[in-house]
Amino acid sequence: MKFKRIKDLREDNDKLQKEIANLLGISQQYYSEYEKGNRTITINHLITLAKYYGTSIDYIVGLSNEKNFLKQNNNKKTS
């Protein structure tokens with residue numbers, strides 16, 4: 001399955017395939033296969049990319065068009 005958004009996110013952030021491959025601990029060629037849709041991306045890599053780009057997995061895989069992931073407020077008051 002091809003996830004066009006992983007390429008779009010990478011390019012929007014001015015990153016090279018090699019840089020993202022290093023982040024994921026894989027080769028540039030292996031990562032390139034993700035972008036082409038020739039290799040199925042692992043859930044662990046999806047999680048890493050979502051955290052890195054500050055978006056949701058739903059956005060990456062096309063289930064949502066909401067690009068920005070809202071972080072939960074960790075400043076809750078305790079009694």
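For clarity, every value in this text was computed on a predicted model and none was experimentally measured.
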Spacing of K51 atom NZ and I57 atom CD1 [to the nearest 0.5 Å]: 9.0 Å

For K4, all residues meeting side-chain hydrogen bond (donor to acceptor under 3.5 Å, both in side chains), sequence neighbours excluded: D8

Decide whether L16 and Y53 are clustered together by the hydrophobic rule: side chain heavy atoms of Ile, Leu, Val, Met, Phe, Trp, Tyr closer than 4.5 Å, transitively. no

Are Y52 and K15 packed together at the side-chain level, in the sense that at least one heavy-atom pair is separated by less than 4.5 angstrom? yes

Does E35 reach the main-chain N or O of S32 with its side chain, forming a donor-acceptor pair under 3.5 Å? no

Do L9 and I60 touch side chain to side chain, with heavy atoms closer than 4.5 Å? yes

CZ (R10) and CG (L23) are apart, to the nearest 0.5 Å, by 12.5 Å

In chain order, what residues pass the side chain to side chain contact (heavy atoms under 4.5 Å, CB included) check against D58, with sequence neighbours excluded? S56, L63, S64

Any donor-acceptor pair under 3.5 Å from R5 side chain to Y59 backbone: yes

Show me the donor-acceptor pairs within less than 3.5 Å that the side chains of residues 41-48 make with the rest of the protein, sequence neighbours left out.
from, atom 1, to, atom 2, distance (Å)
T42, OG1, H45, N, 3.1
T42, OG1, H45, ND1, 3.4
H45, ND1, Y34, OH, 2.7
H45, NE2, L24, O, 3.4
T48, OG1, N44, O, 3.0

Can I6 be reached from Y30 by stepping across I, L, V, M, F, W or Y side chains whose heavy atoms are under 4.5 Å apart? yes

Give a yes or no answer on whether the side chain of R39 reaches the backbone of E33 with a donor-acceptor pair at less than 3.5 Å. no

